[in-house]
Structures are given as C-alpha cells and as structure tokens.
Amino acid sequence: MLRADNLVFAHPGQRTPYRFTLEARPGEVTAVSGASGSGKSTLLDLLAGFLQPASGSLDLDGLALLPLPPERRPVSLLLQADNLFEHLSASENVALGLPRDIDKASARERIAAALAEVGLSGFETQLAANLSGGQKQRVALARTLLRDRPVLLLDEPFSALDDETRRTTRDLVGELTRRHGWHTVLVSHHADDIAALASRHYRIVEGKLERV
Amino acid sequence: MPPALIVSLPLVGRDQGWGWPRQVAGILTMLTLPRRPIRVASAAILTLAIAALIAAVLWAILAAATDASGGSRIDIAHLLRMTALQAGLTMVLSLLVGTALAWALNRLRFFGRDLVVGLFAAAIVTPGMVVAFGLLSIWGRNGWINQIADTLFGITFDSPAYGLSGILLAHVVLDGAFAARILLARLDAIPQSRLKMGQSLGLSAWKRFALIDWPALRGSLPGLGAIIFLLAFTSFPIVLLLGGGPANQTLEVAIYTAVRLDFDLVGAVRLALTQIAVCSLVIVVASAFSPIPSALGRSVQPRWRDAAPVRALQWFTLALGAIGFALPLVSVLYDGLGAGLVRVLGQASFWWSTLTSISIGASSALLTLVLALVLALGRSAVEHRVARTVLNIPAYAYLAVPAVVLSLGFFLLVRASGVSVSLAAPIVVVIANSLLSLPFAIATLGPPLDAIMRTRGKLIRSLGLSGWHQFSRIEYPLLGRDIGLMLALAFCFSLGDLGVIALFGTQDFQTLPLLMYRALGSYKTNDAAAIAALLLIFTIAAFVGLPRLVERIAHAPRR
Amino acid sequence: MVKSSSLAFAVLFAGLSGTALAQDKPTLTIYTYDGFASEWGPGVPLKEGFEATCNCTVNWVAADSSIGTLRKVQLEGESTEADIILGLDTAIAGEARETGLFAEHGLELSHLDLPGEWTDAQFVPFDYSHFAFMWDTDTMEAPPASFEELIALDDDIKIAIQDPRSATPGLGLLLWVKAAYGDRAPEIWAGLKPHILTITREWSESYSLFLDGEADMVLSYTTSPAYHIFDADDHTIKAAMFEEGHFPQIEVAGILKSSDQQDLARDFLAYLTSVEGQSVIPTTNWMFPVVDLGADLDPAFESLPQPDKTLTLDEAEITANSAAWIDEMLAAVQ
C-alpha cells in the first residue's frame, strides 16, 4: 500500500499550502482529479521525489520514500507527452529501463517480451519520432514493465490520444496494473477515464484531497 | 494529423516550456535535474585550472618586470569610453542584423542556402585582415560600389569604410554574420508542434516572430551579445586599419604599446587587469540576464510561408546581407584565385604550412571539444544561478586577456619550465587557440545541453540513467550537428589565428596566416591574396562539411 | 583525426630536432623580423652563402617585428640562445644600446657606401633606404614636392601611414617630420590630418591599401618602386621627392655580449657586409646595399631618384624624446 500522510508543500508566494493525504492499493488504479492549477502535478512531483514536502510522510508497504531521491524511488512515470527520446528507436527507448549490467542477449529478449506485452511486436527498430501518439505511450509502458517499479504515476497520459486509441491504451494500463500488482496513481480530468479505470477516486479541493 | 488535434496541442504546456513561467518553476524545484557530481566537479576543476593559467601568465610578466618604468602615458578613461562606445554599438548592430538575417534565412528555402549559411559563419573565423580587405574592395574608396557608381552615373561616394563607421561596418560583417548563424540554429530548432499550432492559429508574421521566434532567440542573445561585445572590445588590427588612427583605439592597442614599445610590463599588466575587469563585468551581467533555453536539435520545419509582402522583405534582407557580408568574401576569392594561385600551389612552403595549420587546427578543435564539453556538461547539471555564472566566467575570461599579454606570459612560462621554446611552440599554440575558441564552443554547445536537461531532466532522473548513458545515448546523438559546428569553429579559429606565436616564431614553424603575412610583408601581394582565398575556402568547407559529417557519425551506430 | 594530427606533429618535431641533431657543427642563432627570414627574404640566400664557408649552421629565429627581437632578448636575458640580433634600425638603436646587451663588433667598415659616415662600434649596417611617399602615375598627375605641398593638396587626396608605436616606418615618418621641421612638427601633423586615410599597424597593410587604390599615397621607401619594376616592369609607382630632404632607415645587426660564438658572429657580420653578402639584399629585401655593387646592382634600382639631402637626428636625442614626440604626434592627428 502506498500511503501519503499529510504531505505539506507550498510554492513560493503560495499562501495556503497543499496538504495531501492519499492511499493507493496494489493492483488498483487510484484516480486524482481537480481543476487546472489545483495541484495535481505538484502531487505527482511530491510522490516522484521532484519536490520535497515541508512535512508529512510517504511510505510504500512500510518503506519510507521521502529520503529517497527520484531515481531511487520505486516509481515509474508516464507523462502526457515527451516520454520518449525521439532520436532513439522503440527498443532503445525501452532499453533505458533495463538494469545497466544486463547482457545483450537477455536484454533483447526482455525488450521483445515487453513490447509484445504492450502489443507492439515488430516495432523494435522504429524511431520513436515515427510512432503515433498511442504507440509512444505504449512504448513508454513497455519501459515501465522492464523497470518493474511497484508504483506507476500517470499524468494525463491519454489526453493527446484519439478516442479509439485512448480506450485501448486505457485498458492496457488497467490490465498491466492488475497483472503486475502496481499501485497506479492516475491524474486526469476525464470522468470517462476515471470511471473506466479507477477503483478509488480523489478530488483536489482547496489544496486537499477529498475522497469521492 | 487531423486539425482538431493540432489545435488541442497546449500553448502553455509541459512540452517544451513556453517562456518564463515554466523556467521559473524549473529553478525552484531543486530535484528535477539528475545528480551529476562528477560533471560538476570536473567543470569546477577546469574552471579553476583556466583561472590559474591566466593568473600564472600575469604573474610571469610581473616577475619579469625588473624595473617598473615611469608612469604609463595612457589615458585609460578616454580609451575605456571610446572602446565601450564602439563595442556597444557593434554589439547592438550585430544582434539586430544577425536577428534579421536569421529570420530571413529561417523562412526562405532556395538552392545554395547551406552555402550562404556557411559563408556567413565563416566570416568570424577568417583573419580580420582578410575580411577588412574584402570589405574595402566592395565598400572602399576604390571599391566595386564606387566603381559601378562612377561608371554608371559618374559620381563617387565618401567611403563608409573608414573611421568609426568603418570599424562598425567591419565588426558587423564579422560578428553579425556569426550572430545570424547561431540564431538561425535556434530558430531551426523550434519544435514542429509549436509551428504547426501557430500556423493553424493563422498568426501574422509579426505575431509569429513575437510568439514563436523571439522566445527561442531570447535565450541566446545575452551570451551572444557578450561575446560580440568582447570581440569588439579587444579588436585590434581592424580598429587600426579602418579606424583611421589613434582617435579610435582600444585598450588592446594601448597594451600592445606598453609591451612592445615602452617595455612597461607592469603598466601592461595593469591595463590587462583593467580590461579583464571590464570584460568580466560584461560576462556577469550577460549571465544574469540569460534565461535557460528550452528548445534543442533541428526540427523538420513545416512549410509555413509568411505573406507575400513579408517574404519580399525577407528576400530584401537576404540580398542586403549578401551584399554586405558575402560579397566582401567573394571578392577575396575573386582576387585570390588569379595570378598568384598557381605559383602558391607550386611552393613547398605552402603545403608545409598547410600541413602545420591543419594539424594545429585539428588538435585544437579536439581539445576545445573536450574542454567545452566538460564545462557545458557541468554547467547544465547545475541549477544555481551564481554557480552557473562562476562556471561561465573562465570560458570567456580568455577573450578578455590581450593576445600580446598571453603571448608574453606563455613565452615566459615556457622558458621558466625549461622546455625548448621551439618544441613548446606547437603545444602552446594548440592550448591558446583552444582557449580562444572556448567561448564560442560554449555558446554553441551550452544552450542545447541546457535544453536537454530542462526538458528531459525529470525523465532522465526518474529513469536513473548514469552520466555516461545520458551522454552516449541522449546528449551526443542530439548534439551531433552542434558538435560539428563547434569543431568547425575551433578548427577555423586556429587556422586563422596568429596572435600568440609572435615570440615563439621560428623559421620551421609556419602556419598559413603567418605565410600570408610574410608574403604581404615582402611585396608579394598576389601570393598573399591567393593564400587568403585558400584560407577562406578551407574555412567554408569546414563550416559546411563538418556539422554534417559529425551529425552522421553521431547517428551512425543506430542506423 | 587524432592519429593524423599526431603524425603531423611527429613530422614537425622530427624537422625541428633534425636541426638540433647537427651537434658536431656550431650553430649561429640569429633573431630577426619575420619578413627577413621568410622564404622570399634575404635569410635563405645569406644562410646558404655563409654556411658554404663557415662549417656551421645558421638558425634564423623570426619574431613578428624588429622591436620584437629586442624585447625577446631582453626577456630571455643572459640565457638567450641568440648570438646576433639583426634588423633593428637607427631609430631604435639608441634604446637597444642602452640595454647594455650588445658587444663591440670590432670590424673595419671603411669600405661601406652609405649616406653619411659609419662610426658605430656596436652595430653594423646591412641595408638602407630613405622614407618616402609613393604615388601612382595612373591616378596622380604630379606628386607634391614637400610636406607643405602635400598639406595644400585637396582633402580628397588620402595617404596611408603607419603607427609609430608598432611599425618602424611609422616611427621613421615621425623622425622625418621632426628632423625637417623641429618645433613646427605638430603644425605639420595637424595639416596632414585631413589627408590621413588611416594609420595602420604594419607597413604591409598600408601598402596594400595603396596598391588597391584605396589610398592615393603611402609612406614607404624610395626603393619600393624597384620591386614593381623588377617584378613586372611596372614603372607607374614612384617615390615623391621632397625638398626638405628625406630621413633614412638604416637597418643594423649587433652581436650579443652573452653569445658564446663571438668569433663566428663577427665572421657572419663581415660576410653580411661583404660584396657577396650584400649582393642578395637589393632584390630580396628591396633596400639599397651598404657597399657599392657596381654593375651587379639590379638595373631596377639604377633609375630610382635619390633625395638631394639626407636628414639626420642625434641618436641620444631620439632615445630621450621619441616617447614625447609620439604623444605630440598622436595628439595632433587625433
């Protein structure tokens, strides 16, 4: 269980600080919604470690996350765009999620398996720049698979996709979350996505998370 | 892409950081950049080493000054005033002209565009004398323009090529063209998505510039302006040749006088320190106003033509640029590829000098690359503004140290170290040329490296990439073209420079520019013109060829 | 890239060390300005000619200017490799003498043929010419015959001169005006001011401006036309003769006290002032020889007009006042 308890943070010049309290369970998607500028991205930055709260606690199954720098947190990120390096191929982008010391043969095997799991077999050598929006998000999900971190943070990941792609990508996220037991936190303002995916739903109101 | 999607692309979003708000946030969040202690430490050590080298140079000169000869005869306040005026005007004009040219070149597509860009970029590294004489053959009293006017209308104009206007004209030709090259790279790097969005919104030409181009250019202007100011501030031969005399002079000339004529070494160091102080101030101010750039690489630009009248203005700007910038260089080729050429090509000394020049150029280009990468990678890993500025200064400081002082200092240091002067000469030249190219190299590599860190720092950090991984998989391939441009700059700088070897000269160590000057000094004007033309051809070839070559190498393993 | 450049360096160093390996023969190291040592200059034939008899190696070391050679030796002090400095002129000889670095040459020089008698115990002259303004018969009908006539010309007539602080002809012009006009010198400079197109750092830059038609006249030497006659039989470039008389540049060489090759150095200076040594000077350095070469002097030099009067200034006076005179000139033309 991922537990954020009263994380307090204020940007310079901000009068009332954010106070975030949230629980996310394994194998479930926890959704966070809120108006633009309500603090959704700040919440994700706090969970990912890009921002440090003034006080509060954050732990995953008893492991305190706050002392960890972003790269050592058990967290994967999927943003709205810019998840890939466009000058690299799909498999090279996925490979960035592998441990450094892995040998070539097993790396190739695992990349192929991950791409297959997201339904992109055969796209290995495609340059990321030439992939469609939905394909890009799926490559990023394949990378997340290889990293195998128990927490997945999604920041409006489907908003740039057309309806059809959005549905399939959404279903894929739900399926992967269940299969791998991820604690998935989805930030979205799409009621559709939330209804389809989330088993828990928070809304940010005046800097606080309210369970819906 | 369906129209609905184009419109849905966010105007202010997390994609590339549109202007200030995003960058401000970037500065506040201290954890979004990957931690790179080795990069920062290397850059800090190199910074200290360069500062120490400059200190050692000045110290060596002071130590050699056995008796401080009588008070300096130089009116420093007057010199500072004149120099600052000249350099300030040069900077403003060069940036304006460079922006206009970059704007026109960014919009227009025509056969030979790459060559024009190469020619523009070549101006700054061509020996000042060559450019000055090229300028005179167009704009001079007996230049092409006056000759044509005389033939057609029977009138001649007062030449603008002498006095303060001459200095400005020459400097703007040199520096404005360079500014255009750097700014064009920024414009060409504007992300496709942003252009598509702007196009779909039907932005007017002015709005397009203000909303799309300007934010991309703004980041480069302070650094570029500082470089141009410093170049003009320390300009020497052009100021003397075209300035018309002692009324328009720089501190650099005064320092030369103190060292060579008065042999007043203490005075020279004092003047040098004044110059370094002024230049450092410029650098600090420039750094303070310099926002962090946010676009990188070269994007495939969609066809988006401005309205017909604006396009006419763009062609007109380009035509003016061609007359002002390219023609002087063309005239150098025209003058050089004549009588003297065959004779020069038949001389063993020419080939020997070419070999020397190319070895020196290649070595210093590689050394510059290493130094610039260490400094720029280190700087891009640092968020703190003051720390970034500190890491900046030594890169530029070298520009502020007068060539004659460096030459003298290096010479004394080499003698003190007991190494044979003739053996040390090539090494000193390579080091000095690398340091001289360093500000330009950093201006070329710094912004794209910063941009990578700003736009993808979060992703890189959350992926936990190692520093080497980050460089080899992401930065190096994305920088290919910039590295090529930087290598070309450094290579050509060394080809064209003669500053530091004055005291090291031996008969055996002869570079192309040195050969050219010697030919000029022996009445061999045709030979000198031929060498100048060949130097220019090497330079343009390097500028057109090297960026493409390196870009291809950088991408080779993946294709 | 790395490989090829290191290869080139290896070649370069091999070339340098090649000269160092010839240890069995003594080496005579001569500092000079780079034009002299260039492949077109007198350095090459003088080295060949002297090495044919001396059983030694001559090593030219070129500095960027003649004053640069002196500064280099001053910086190096006792440990300098230089045996001889060659290329100073009479305008800076006084300052060079004051450094106390130069030994007496001990040569008998009565055979020299110079404007004025040569009595210097330390410096040996090796060529000379008078400073003069060049004009082009294609663009000018009649040249001015004095500074005052030059000043009286239309302001459209432009001259190119050199900075006295960086170029020896520039300093020469300063002394010329001083020798001819004394205290009236600032007045002459003020009169010249509207005619001055520009003041360049080096002689070669002003001369190029003149050849390109940018300047109507240029400060150079009475012997400069000889180059154009010799090179292309071009008789259009001439030196204007001034009634006031002309100031000469006499180039000199001197032996350094610190040299351990005093005899060899003396032999070289003797060779330099011999008829054989002098015969290479005119068509390589474009100056008059200091001995009478008779029919061996290139015909290009024969037709050159010579000034009726050679102006002189006392060496001590030059040394004491040149800094003040430079300031005076700069103030007048600013």
Side-chain angles (χ1 to χ4, degrees), chain B residues 64 73 129 133 136-137 140-143 159 162 166 236-237 240-247 253 256-257 259-263 347 349 355-356 358-359 362-363 365-366 408 411-412 415 420-423 426 498 502-503 505-509 514-515 517-525 528, chain C residues 1-2 4-5 8-9 11-13 15-16 19 34-35 37-41 43 59-65 67-68 71-72 74-76 79 81 158 163 165-166 196-205 207-209 211-215 224 227-228 231 284 286 323 326-327 330 333-334:
Chain B
R73 302 180 284 124
M129 276 299 100
F133 275 105
L136 286 178
S137 62
R141 296 176 75 219
N142 192 30
S159 169
Y162 297 94
F236 185 143
L240 269 181
L241 179 70
L242 301 177
V253 179
Y256 185 86
T257 309
V259 172
R260 306 314 292 279
L261 201 74
D262 299 343
F263 207 50
Q347 282 163 3
S349 64
L355 180 69
T356 309
I358 289 177
S359 327
S363 314
L366 287 176
L408 185 64
F411 176 75
L412 291 168
R415 285 207 40 101
S420 152
V421 168
S422 51
L423 281 179
L498 6 93
L503 285 163
T506 63
Q507 219 181 352
D508 309 299
F509 187 71
L514 210 52
L515 186 72
Y517 272 77
R518 285 175 178 171
L520 213 53
S522 308
Y523 291 90
K524 307 283 179 192
T525 326
Chain C
M1 230 169 175
V2 180
S4 66
S5 67
F9 270 118
V11 173
L12 209 69
F13 285 143
L16 291 170
T19 49
D34 59 7
S38 83
E39 59 178 305
W40 303 281
N59 180 27
W60 293 109
V61 174
D64 61 343
S65 63
I67 192 140
R71 298 305 179 219
K72 188 167 173 171
Q74 280 179 283
L75 289 170
E76 291 173 341
S79 66
E81 289 168 21
K158 297 289 184 190
D163 195 309
R165 296 169 297 180
S166 54
I196 296 175
L197 178 69
T198 190
I199 302 176
T200 65
R201 176 167 61 151
E202 304 282 353
W203 166 86
S204 54
E205 291 154 5
Y207 205 76
S208 296
L209 287 176
L211 292 182
D212 289 345
E214 288 293 311
S224 297
Y227 171 78
H228 302 283
D231 181 54
T284 51
W286 306 103
I326 288 173
D327 286 348
L330 292 180
V333 300
Q334 221 160 63

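All values reported here derive from a predicted model rather than from experimental measurement. Note on naming: letters A, B, ... go to the chains in the order of the sequence lines (proteins, then strands), and numbering restarts at 1 for each one.
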Inset, instruction - Measure B:Ala519 against the heavy atoms of chain C and call it side chain, backbone, both or neither at under 4.5 Å. - result: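 Both backbone and side chain of B:Ala519 come within 4.5 Å of chain C.
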Inset, instruction - Mind ranking C:Gly35, C:Ser208, C:Ser65, C:Gly41 by heavy-atom pairs under 4.5 Å with chain B and telling me who comes out on top? - result: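 Highest number of pairs under 4.5 Å: C:Ser208.
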Inset, instruction - Could you have a look at C:Trp203, C:Trp286, C:Tyr207 and say which one has the most heavy-atom pairs with chain B under 4.5 angstrom? - result: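 So the answer, after comparing C:Trp203, C:Trp286, C:Tyr207, is C:Trp203.
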Legend entry - Lys/Arg N to Asp/Glu carboxylate O, C:Asp34 vs B:Arg518, below 4.0 Å: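 Salt bridge flag = yes for B:Arg518 with C:Asp34.
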Inset, instruction - Check the angle between the aromatic planes of C:Tyr227 and B:Tyr523 and answer parallel, tilted or perpendicular using the 30° and 60° thresholds. - result: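 Ring orientation, 0 to 90° scale: parallel.
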Inset, instruction - Could you tell me which portion of C:Ser224 (side chain, backbone, both or neither) has an atom closer than 4.5 angstrom to a non-hydrogen atom of chain B? - result: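 Contact with chain B is through both the backbone and side chain of C:Ser224.
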Inset, instruction - Count the heavy atoms of every other residue, nucleotide or ligand shown that sit under 6.0 Å from CD of B:Gln347, and state whether that count exceeds 12. - result: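 Counting neighbours around CD of B:Gln347, more than 12 heavy atoms of other residues, nucleotides or ligands fall under 6.0 Å, so yes.
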Legend entry - Donor + acceptor pair across side chains of C:Glu214, B:Tyr162 (<3.5 Å):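 C:Glu214 vs B:Tyr162: donor-acceptor pair found between side chains.
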